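Bear in mind the structure is a predicted one, so any value in this text is a computation, not a measurement.
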Amino acid sequence: MNMRRFFLLTIVLLLALVPLTASAGPTITKQVPIYSATDDMGPVFTVLDDNTATFWSAVAGSTLTLKSEGSTVREIWVRNGAYTSQDDYYSFARPHVLKVTLTYNGGSQQVSYRYRMADAYSDNAYSNHWCFGYQRILLPGAVHNVSNVILYVESVVPGTSTSTAAISDIILSSGQNDVTATSKPTEKPAPQPTEVPVYTPEKGITCTLTGRMATRTGPGNEYDEPGSFFQAGAQVQAFSKVYDHENELYWVQVEWVYDGEKMRGYTTSTRLDINVHLLPDDADPVDARIVNRTPNYYGPGADYRAHTDTIYEGQHGRIYAWVNGYAFFEWHDDYQNLERRAWIPMENVTW
């Protein structure tokens, strides 16, 4: 072997030892470590390897927990679906709505958001919302000292071959990325994930009326009627639901403000622009009895409109909820021959 051939062979060998690096282009910066990922079955490694050849699969209702251990999280980048190929992407189901819960400050506090994921196979697209298959979930603000990021697959887009949904990879970032700062996007990206309402017991879910809101104090026409309120386009807060098997629809417990007073009642889901499956069902009732003559209100507190009558000691009924020291009491009003529900101070009822 002459010296020239030896020199060229040496260069080839040295180049082979140099790790391959991606060409200049967009990257997700400010990444924070994910120490582990687990689901109901145990550890999940496939979402942490940044490898489109592997993915996590689960059905709607599954939960994936990412352990962060004190990091700051501002963005969650998700390679949604099976990214092994475009055929696999559409063959498998894809998460449609993800509920994102972050626990922080040692797990003593948490915050939740819900995001509707974009359904697109965009392996070459990048923008401030996309980076080669990853789509960005941008939180309303940075969350500090995060212990866990919990992803709950609330609903899926059905696949052509299976209802099992896939997530290929996940990256957490502490800051807001600008992946287009140094490069021109290669193609028009798909829409970004959009935040959708999340239910909380304190605030319910904001929803919009599709028509004038007729109300009842309970979930059915057999309950007394507070009245009809507002027109299409007005917003109310929704708290719970009850399915009406006879009429094949849901009654939704809602809250609104009328003439400066807060009120709660039930209206049919047909009058609301809402996904009722986001709401919890009314709890099963508990038998109860009034022990002191009591005022009753249209909501859980004396700051709600009061009913004009009182409920007398000895009245039997049922309790459906306890909120802020008030019980949601149902009884039969013999005078009106109607069922009624109202909120009463807990000290005036026993169960």
Inspect the contact between Asp282 and Lys241 and indicate whether a charged nitrogen and a carboxylate oxygen are less than 4.0 angstrom apart. no
Donor on one side chain, acceptor on other, Gln253 and Ser240, under 3.5 Å: yes
Checking the side chain of Asn292 only, and the main-chain atoms of Asn348 only, is there a donor and an acceptor separated by less than 3.5 Å? no
Is there a chain of hydrophobic side chains (I, L, V, M, F, W, Y, each step under 4.5 Å between heavy atoms) that links Tyr304 to Val252? no
Any side-chain heavy-atom pair from Leu272 and Thr267 closer than 4.5 angstrom? yes
Any link between Tyr320 and Val349 through a network of hydrophobic side chains (Ile, Leu, Val, Met, Phe, Trp, Tyr) touching at under 4.5 Å? no
For the pair Tyr298 and Glu255, evaluate side chain to side chain donor-acceptor pair (under 3.5 Å) and give the outcome as yes or no after the intermediate values. CA-CA 9 Å; Tyr298 279 98; Glu255 180 175 304; over 6 Å; no
Are His144 and Tyr104 an aromatic pair by the rule of ring centers under 6.0 Å? no
Given the options Lys99, Arg114, Arg116, Glu154 meets salt bridge (Lys or Arg N to Asp or Glu O under 4.0 Å) only with Arg114
Would you say the side chains of Ser112 and Thr101 form a donor-acceptor pair under 3.5 Å? yes
Aromatic Phe229 / basic Arg212 pairing, under 6.0 angstrom, 45° off normal: no
Do Met213 and Val236 have side-chain heavy atoms sitting under 4.5 Å apart? yes
For the OH atom of Tyr266 and the CD atom of Glu225, what is their distance to the nearest 0.5 Å? 16.0 Å
What's the separation between atom CG in Leu98 and atom OH in Tyr115, rounded to the nearest 0.5 Å? 11.0 Å
Could you pull out all residues at least two apart from Ser155 that satisfy side-chain contact (heavy atoms from CB on, under 4.5 Å)? His96, Val97
Flag, side chain of Arg136 to backbone of Val78, donor-acceptor distance under 3.5 Å: no
Let's go through Ile76 and Val149 carefully: what are the C-alpha distance in whole Å and the side-chain angles of both, what is the deciding distance for side-chain contact (heavy atoms from CB on, under 4.5 Å) to 0.1 Å, and is it a yes or a no? CA-CA 9 Å; Ile76 304 168; Val149 177; 3.8 Å; yes
Above 12 or not: heavy atoms from other molecules or residues under 6.0 Å from OH of Tyr243? yes
Quick one: does Asp244's side chain have a donor or acceptor within less than 3.5 Å of a partner on Trp251's backbone? no
To the nearest 0.5 Å, what is the distance between CG (Leu64) and CG (Asp39)? 6.5 Å
For Gln135 and Met117, run side-chain contact (heavy atoms from CB on, under 4.5 Å): C-alpha distance rounded to whole Å, both residues' side-chain angles, the deciding distance at 0.1 Å, then the answer. CA-CA 8 Å; Gln135 51 182 300; Met117 306 301 290; 3.6 Å; yes
Pairwise distance OG(Ser269) to OH(Tyr250) - rounded to 0.5 angstrom: 8.5 Å
Does the separation of the ring centres of Tyr258 and Trp256 fall below 6.0 angstrom? no
Do Leu48 and Ile34 pass the side-chain contact (heavy atoms from CB on, under 4.5 Å) test, and can you show the C-alpha distance, the side-chain angles, and the key distance before you say yes or no? CA-CA 8 Å; Leu48 305 181; Ile34 301 175; 3.7 Å; yes
Hey, quick one: are Ile170 and Tyr152 part of the same hydrophobic cluster, counting side-chain heavy atoms closer than 4.5 Å, chains of contacts allowed? no
Of all heavy-atom pairs between Asn221 and Arg216, which one has the smallest distance, and what is that distance? O-NH1, 3.3 Å
Does Gly175 offer a backbone N or O that forms a donor-acceptor pair with the side chain of Ser173 under 3.5 Å? yes
Aromatic Tyr297 / basic Arg305 pairing, under 6.0 angstrom, 45° off normal: no
Aromatic plane relationship, Trp343 with Phe328 - under 30° parallel, 30 to 60° tilted, over 60° perpendicular: parallel
Is Asp333 reaching over with its side chain to a backbone N or O of Tyr335, donor-acceptor style, under 3.5 angstrom? yes
Is there a donor-acceptor contact under 3.5 Å linking the side chains of Thr54 and Thr46? no
Between Lys67 and Tyr35, is NZ or CZ placed under 6.0 angstrom from the six-membered ring centre and within 45° of the ring axis? no
Apply side-chain contact (heavy atoms from CB on, under 4.5 Å) to the pair Leu139 and Val111, showing each step before the final yes or no. CA-CA 11 Å; Leu139 302 177; Val111 63; over 6 Å; no
Is there a path of hydrophobic side-chain contacts, each under 4.5 Å between heavy atoms of I, L, V, M, F, W or Y residues, that connects Ile311 with Val286? yes
Is there a donor-acceptor contact under 3.5 Å linking the side chains of Gln237 and Thr206? yes
same_hphob_cluster(Val276, Leu278) at 4.5 Å side-chain heavy-atom cutoff: yes
Where do Phe92 and Phe55 land on the ring-ring contact (aromatic ring centres under 6.0 Å, His included) test, with the steps shown first? CA-CA 11 Å; Phe92 281 82; Phe55 56 85; 4.9 Å; yes
If we ignore angles and hydrogens, is there a donor and acceptor under 3.5 Å between the side chains of Tyr121 and Asp88? no
Between Arg318 and Asp284, does any NZ, NE, NH1 or NH2 come within less than 4.0 Å of an OD or OE carboxylate oxygen? no
How long is the gap from OG1 on Thr38 to CG on Asn148, to the nearest 0.5 Å? 8.0 Å
Could you tell me whether Arg264 sits above the aromatic face of Phe239, with NZ or CZ closer than 6.0 angstrom to the six-membered ring centre and within 45 degrees of the axis? yes
Approximate separation, where rounding is to 0.5 Å, of Ile167 CD1 and Trp56 CH2: 5.0 Å
I'd like to know whether Arg74 forms a side chain to side chain donor-acceptor pair (under 3.5 Å) with Ser174, so could you lay out the CA-CA distance, the side-chain angles of the two residues, the decisive distance to 0.1 Å, and finally the verdict. CA-CA 5 Å; Arg74 180 70 169 90; Ser174 63; over 6 Å; no
Side chain to side chain donor-acceptor pair (under 3.5 Å) evaluation trace for Tyr89 with Asp119: CA-CA 10 Å; Tyr89 178 87; Asp119 185 26; 2.7 Å; yes
Evaluate Glu313 against Arg293 for salt bridge (charged side-chain N to carboxylate O under 4.0 Å, His left out), listing each step before the verdict. CA-CA 5 Å; Glu313 179 182 350; Arg293 181 176 174 178; over 6 Å; no
When you check the side-chain N and O atoms of Thr210 and Asp273, is any donor under 3.5 Å from an acceptor? no
Got a donor-acceptor contact below 3.5 angstrom from the Thr162 side chain to the Thr164 backbone? yes
Got a donor-acceptor contact below 3.5 angstrom from the Asp49 side chain to the Asn51 backbone? yes
Test Trp351 against Trp322 for ring-ring contact (aromatic ring centres under 6.0 Å, His included), laying out the working first. CA-CA 12 Å; Trp351 58 92; Trp322 294 265; 5.5 Å; yes
When you measure from the side chain of Gln110 to the backbone N and O of Gly107, does any donor-acceptor pair fall under 3.5 Å? no
For Gln336, does the CD atom sit with more than 12 other heavy atoms under 6.0 Å from it, leaving out its own atoms? yes
Residues Thr217, Asp224; criterion side chain to side chain donor-acceptor pair (under 3.5 Å); working and verdict: CA-CA 6 Å; Thr217 62; Asp224 62 324; 2.4 Å; yes
